[in-house]
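To keep things clear, I will list the structure first and then write my remarks on it.
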Amino acid sequence: MLVLLFSQDSNFTKHTTLPDFPACFQLSVLPWAPCIFLWLTSPFYIFYLKRNNRGYIMMSILNRIKTVLGLILWIVCWTDLFSSFHEMSQNQLKPPVYFVTPLVLGMTMLLATFLIQFERLKGVQSSGVLFIFWTISVLCAIVPFRSKIMNASQAEVSLRFTMFYIYFGLILLQLILSCFNEKPPLFSSVVTDPNVCPETTAGFLSKMTFWWFTSMAIKGYKSPLENKDLWSLNKHDSSELVVPNLLNEWEVEKSKAKAGPGAEPNHVSVSPEEEEVLLSKRKEARQPSFLRALLRAFGPYFLIGSAFKLLQDLITFVNPQLLRMLIDFTKQPQAPSWWGYSLAFLMFSASLLQTLILHQHFQYCFVTGMRLRSGIIGAIYRKSLVITNEAKRSSTVGEVVNLMSVDAQRFMDLTTFLNMLWSAPLQIVLALFFLWQNLGPSVLAGVAVMVLLIPFNAFIAMKTRSYQVEQMKYKDERIKLMNEILNGIKVLKLYAWETSFKQKILQIRQKELNVLRKTAYLSALSTMAWTSAPFLVALTTFAVFVTVDVNNVLDAEKAFVSLSLFNILRFPLNMLPQVISSIVQASVSLKRIQGFLSHDELDPESVDRRNNTSGNSPHSSHTSLVCALLGEMEKLEGQISIQGSVAYVPQQAWIQNATLRDNILFGRPYAEQKYRCVLEACALTPDLEVLPGGDQTEIGEKGINLSGGQRQRVSLARALYSEADVYLLDDPLSAVDAHVAKHIFDNVIGPEGALKGKTRILVTHGISFLPQVHNILVLVEGRVSEMGSYQDLLKQNGAFYLYFICIYCFHSDLLVDEEEEEFPDDALSNHTDMVDNEPVVNEARRQFMRQMSIMSNDPENPKKMSRRRRCSERRHPESPSEKKELKVEKLIQAETTETGRVKLKVYWEYAKAVGPLLSLFICVLYGCQSATSIGANVWLSEWTNDALLNRTQDRVHMRVGVYAALGISQGVLVMFSSFTLALGKIQAARKLHQTLLDNKFHTPQSFFDTTPIGRIINRFSKDIYVIDEVLPSTVLMFLGTFFASLSTMIVIIFSTPIFALVIVPLMLLYWWVQRFYVATSRQLKRLESVSRSPIYSHFSETVTGTSVIRAYGRNTAFVLLSDMKVDENQKSYYPGIVSNRWLGVRIEFIGNCIVLFAALFAVIGKEKLSPGLVGLSVSYALQVTMSLNWMVRMTSDLESNIVAVERVKEYSETATEAPWIVKDKQPPPDWPPKGNVEFIDYSVRYREGLDLVLRNISLEIKGGEKIGIVGRTGAGKSSMTLCLFRLLEAADGEIVIDEVKISEIGLHDLRSKLTIIPQEPVLFSGTLRMNLDPFEKYSDEEVWKVLELSHLKKFVSNQPSKLELECSEGGENLSVGQRQLVCLARALLRKTRILVLDEATAAVDLETDDLIQSTIRTQFEDCTVFTIAHRLNTIMDYTRVLVLDKGKIAEFDTPTNLLAQKGIFYGMAKDAGLA
């Protein structure tokens, strides 16, 4: 019908200067359009409102007016209807349209009025559906309105006219009213939340244009945003709703899978063979699918986004059609100008609509992605609290954190592009359809080129991926090694091993850069393909089109419409491979996440917490039993029952990164009195005085700034504070000093302690406390061998008596005898032959031996407890001195985030690293490449103008040839510029990493003490990664988009010079929006990255402490904490997404204005312009939006990524220590010949501004003397040794070793001539040989010899790989004792005149201790030995003992004299039971 109307009336409409539509069209199609829209959408809309009820809105004046107007409109429409009936009754025959239209309109107005009220009841503040309806109504009514005014003079004024004017006025009023918002619903969060997100109350227009975000953009522009400026997270996006929703769906999935065929059998004890059969059957059964759960939880919301995408795809193809009409219009000199103007405005509105719809689609996708991430992290966190230990072992903490960070991120990235899966093919099909219409079969030539490029791109992508994997491998290796180096930096400095390890890092880095270089060359190729593709396609298509048939003429219409269609095609073709590879990655992630979520869970019923249990029974046992009691082990059979609540102290104390007080309260309310008592009982009060902030001191990750003993006591205090009914104590006394252990046993655990009357189960290796317990359980090989009281067990002469007493106590009278019995040094050698055949007995004997050799025990007189093993009760010696300082200062300074604009200096630093000339050259290349591309298109427009002059045939080959030459030279230039950029980036990456590494190896130790390792590692991993990979590609994109936008402007100004007038205001607007955006988004990115790490660190903390969290029943609290951290992160992520949408809408609006003006000026200058130029300028304008948009993004990314250069620079310029080698002061090679050491009035402090740790120390030590150094914690013992190695530089005075002042020689010269056996044995991952001799100075014979002397020969020669035995990170695959022996071997290998032992035996069992002591006595007989001792029995036979107190020498004499003096030393010896 429409076509007919148009054909008969086209003279009436198009070819007049005063166009008008026929009456029939005005009465039917125009009024029906809005009605059809409303009737089609309202069923879906009503259904949606029913599902999403937001509460109830009170009747407001606005609402009343809208309703009344709706009713009046209905009356107006039906008045029209009745007037038609009235006329009919008067025999004036009217066509049926006069009855149908008013009837339909009236019904629609009633529907609209109903919707106004229905929305109010469902809490909608601003209605999109009605807004669109009123807009369409007004637009459709404008045409009849105008024609009625034009024809008003001819027709008499009738009722119908009046009614129409009233109708028009009312719908206009309704449209204006629907722009305003209703009040928020009653009781909604808007009313209660102080910092609510304005989106919830924003109107429809504000939501479509993201206007509601403007307030934040302005705030962020004025001053850098802070956390308090962020809006609260929308309820629908919070973990509180998202996670349970996902978990419910996952539970449904799991129950379906269980109910399916081959459901898993219950665990009855089954033989392994049967188990395998059952397992294979279960494999065939349906796995619960996490994907289905995700789809059900997040699918519906995502589909709304997909609907928007569909609309946008269809609108995309409107513009090329309009362009065709515009070019067509410029060809016809007699066409009326109004037609041109309306085409220009149509182009503008199509682009505008496309912009709005596209960004809505993105918004939905990103929000879905964000919810997905929240959901996945929440699910993984909750799961990690309940998985079995076996499952926990199968995946390391790092792997699980990866699930959260990397895999959840992959899903998030995928959701943004997921719609491309169906949208790309749709766009391709549509584009090909229109191209075929335009150029016929020759299109296939162009398509063939595109299809051929796909495998080329795919091949490049595959290669790139494999290179990336390889590079990741090297990067991980480098970071792992770097991590070890930083963890053991003190040891490297003490041994002067830095150079060897630096070489290792640089070797890995070189490999990494080689791979990077290959990747860069590949990406240069793919950039070329990506830039040249549209051109090659156009070239082949046009060439084929003109050569196939003589009658084919390439005119402007065909050429430029095809070009704009090819540009549309380019995006989906490039996206498809990317989307597919993302999907592949996400599917891998999906498998991993699903695997983790399907792990077995602990059975909460495995421990029955109701029935009564055995009485008070501290006992000697092992950790597994405790785990079983907590329900941590998998129960095979039997039953466990515990009555009441449980408190648990694990063997390795688990400390949270929180204040000391929070660690003890552990979520319970603070009660001053009780809290003080707990601190007192656990001997923590003295520690609080030492800690910088008292109990408000922030404790680092894993309790890094507490000593082992303090950690253990905090863990114990937590248990005591919890006031549980049952206490499970897993060897809590092993890490503390003897006198502290006694204090704790008496005040907490023992019969008179704070826990009397509670059930407590104590696992212990010490027998000193056994006489005081009620019941003893002896476990041997996992079975209970005996049980009973101490006296009973001694009488039974069973395992307890045998292992613990008889084998070692040659006469049992040792138990009664009050005198100390010393063992001869070789007490061990008698038993070495038995060692191998009876491992269990031997282990027990060794434990006992350890006890006996340090203490005498007396059951009758329990007061006389003696010194216990393991005294690693050290604290950071700097604590007391830092005390005053740090009242305000935190131990670990908060990481500074730069605020405000990045300084130009940083860009210059990067340009310098790339090479200044090279940087300039790259820019020139980009300029040339843009010039050739413009040239090619200008040539094309000239070519199309040939068609008008009918001189086509003779010049075809010349035209095609030049076009090809210009295009191909562009491709070559692109490749060149990418190659040079690649060279530059590798150079920069190498330089920046090299300077960072050099600096870090030369940094003094104090820097590492005050800077968390994570922060330094971050520079080496994240920031170097950004400099390696992210930054160069950002620069590439930035240059590309910048020149693209520039060339567009040039082309438009070249074709319509008047455009220059508009460009200035548009550019100002652009610059303005861009400044607002960059300032805000940069700060949001910073806030987001700062709030991201707490999620992962809290998670890894939780994973290590699951058993404690479960034992105290704190699961829900920790889950809430995790959710809070995720929401905190999303709070800054969400405005980040919206800021991109906000920017997109504004920038694309500017782009759309450029399209509008280009088209308008083309219409205005129609007489002077050739169709080719019109096509050229408008088709360029249609592309500009994309490049403008990307340019702002890239500016912003450039600013956020260049920060990496700044951060790396910052750490490359920290203060360095003294030079490693001072050329003119090198000591002779055999220095020090004698080993005399002299301290002359020596003082030292840890860092500038802190108190002195050692004050005016003067002493002289002769070569070969053995010196013991003792003193209370914090007396400065360790500082003495650090001074010898110049890890601390003198504040005053000198140290002289054999006539050489150590402050004058190079550090390596000094340190390589001294030997230390450090407190904690540090091993690096690598071979054992490398750990002993990293510079490969010594022969294999020498190495074997020292292994023999350090009692490791047997162990090493039993290993298949002998000296090449791989040590894992930190030497985890050796026992602590073996590690300590390896350190001894290092010392033996270096064999220097001065040896320092730093409490080396604190963490070692007795046997190893004796081995080390005897080796030192024999092998280092003629050396000067300094020993920092906690166990006095090791230094009782030394030449002299130095007693330090508060940094001064308190006593210095032979041990016998000191005991006689009855001073500090005597007191200490008395405590240890040696005096």
Side-chain angles (χ1 to χ4, degrees), residues 51-52 233-259 286-306 363-387 391 395 400-416 418 582-583 585-601 1092 1095-1096 1098-1099 1102-1103 1115-1116 1118-1131 1133-1134 1137:
R51 292 282 300 274
N52 294 9
L233 203 60
N234 292 340
K235 200 83 178 132
H236 296 292
D237 304 329
S238 65
S239 304
E240 184 186 346
L241 290 181
V242 172
V243 185
N245 182 9
L246 175 62
L247 287 176
N248 293 342
E249 298 295 357
W250 174 236
E251 286 306 319
V252 171
E253 265 306 310
K254 283 203 291 197
S255 51
K256 271 192 199 161
K258 279 211 183 92
R286 189 188 126 197
Q287 280 279 314
S289 151
F290 188 55
L291 182 64
R292 277 205 202 90
L294 285 175
L295 287 177
R296 277 212 299 277
F298 304 111
Y301 185 79
F302 186 68
L303 282 175
I304 306 178
S306 309
Q363 177 70 355
Y364 275 97
C365 292
F366 273 109
V367 172
T368 311
M370 181 173 129
R371 288 180 187 177
L372 255 177
R373 175 164 171 254
S374 283
I376 290 174
I377 290 182
I380 290 171
Y381 187 88
R382 284 161 174 75
K383 181 74 182 185
S384 68
L385 281 173
V386 293
I387 57 175
S395 45
V400 186
V401 172
N402 260 348
L403 286 182
M404 277 191 162
S405 50
V406 182
D407 295 325
Q409 193 65 41
R410 272 189 192 156
F411 271 101
M412 202 159 156
D413 297 341
L414 179 64
T415 48
T416 34
L418 194 57
S582 289
I583 286 179
Q585 280 186 347
S587 68
V588 174
S589 297
L590 184 74
K591 271 209 191 71
R592 290 172 46 174
I593 292 174
Q594 188 169 311
F596 181 76
L597 290 178
S598 308
H599 276 325
D600 292 341
E601 299 186 6
R1092 190 186 302 139
I1095 300 178
Y1096 307 136
H1098 173 242
F1099 176 67
T1102 308
V1103 173
N1115 294 28
T1116 28
F1118 271 75
V1119 165
L1120 281 175
L1121 198 61
S1122 164
D1123 281 356
M1124 212 175 71
K1125 288 189 191 310
V1126 173
D1127 286 350
E1128 201 48 45
N1129 177 240
Q1130 301 288 36
K1131 231 170 74 174
Y1133 175 73
Y1134 183 65
I1137 313 172

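Please read these numbers as outputs of a predicted model, since none were measured by experiment.
Between R292 and E249 no salt bridge is recorded (no basic side-chain N to carboxylate O distance below 4.0 Å). For the pair D237 and K1131, the salt-bridge criterion is not met [side-chain N within less than 4.0 Å of a carboxylate O].
For the atom pair L414 CG and L372 CG, the distance stands at 9.0 Å (nearest 0.5 Å). To the nearest 0.5 Å, the span separating CD1 on I593 from CD1 on I380 amounts to 5.0 Å. Note that CZ of F411 is 10.5 Å distant from CG of L418, once rounded to the nearest 0.5 Å. How far CZ of F298 is from CG of N245: 6.5 Å, rounded to the nearest 0.5 Å. Note that OG of S374 and CG of L246 are 10.5 Å apart. Values are rounded to the nearest 0.5 Å. The CG atom of L291 sits 10.5 Å away from atom CZ of R296, with the distance rounded to the nearest 0.5 Å.
Counting all heavy atoms, side chain and backbone alike, S589 lies closest to D407 at OG-OD1, 2.8 Å. Of all non-hydrogen atoms in V1126 and I1095, the two that sit nearest each other are CA-CD1, 3.8 Å. What you find for N402 and R592 is that their closest heavy atoms are CB-NH2, 3.9 Å.
Residues V243 and V1119 are not in side-chain contact: their nearest non-hydrogen atoms beyond the backbone lie 4.5 Å or more apart. The side-chain heavy atoms of I387 and F596, taken from C-beta on, include a pair separated by under 4.5 Å. When side chains are defined from C-beta on, W250 counts as touching Q594, because their heavy atoms get closer than 4.5 Å. Here the side chains of R371 and Y301 are in contact, with some heavy-atom distance below 4.5 Å.
Side-chain N or O atoms of E601 include none that pairs as donor or acceptor with a backbone N or O of V386 at under 3.5 Å. S1122 places no side-chain N or O within 3.5 Å of a backbone atom of F1118 that could act as its donor or acceptor partner. Formation of a donor-acceptor pair under 3.5 Å by the E253 side chain with backbone atoms of P288 is not found in this model. Counting only distance, with no hydrogens or angles, the side chain of K383 and the backbone of H599 share a donor-acceptor pair below 3.5 Å.
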(message) Pair V242, Q1130 - check side chain to side chain contact (heavy atoms under 4.5 Å, CB included), show working.
(response) CA-CA 12 Å; V242 172; Q1130 301 288 36; over 6 Å; no
(request) Evaluate the criterion side chain to side chain contact (heavy atoms under 4.5 Å, CB included) for residue pair F366 and T415; output intermediate values, then yes/no. (result) CA-CA 7 Å; F366 273 109; T415 48; over 6 Å; no
(message) Would R382 and D1123 count as a salt bridge (charged side-chain N to carboxylate O under 4.0 Å, His left out) here? Give the steps.
(response) CA-CA 10 Å; R382 284 161 174 75; D1123 281 356; 2.6 Å; yes
(request) Take F1099 and V400 through the test side chain to side chain contact (heavy atoms under 4.5 Å, CB included) and record every step on the way to the result. (result) CA-CA 9 Å; F1099 176 67; V400 186; 3.2 Å; yes
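Within a 6.0 Å radius of CD in E240, no more than 12 heavy atoms belonging to other residues, nucleotides or ligands are found.
None of M412, R410, M404 except one satisfies the side chain to side chain contact (heavy atoms under 4.5 Å, CB included) rule with R373; the exception is M412.
Aromatic ring orientation, Y381 versus H1098: parallel (interplanar angle below 30°, classes split at 30° and 60°).
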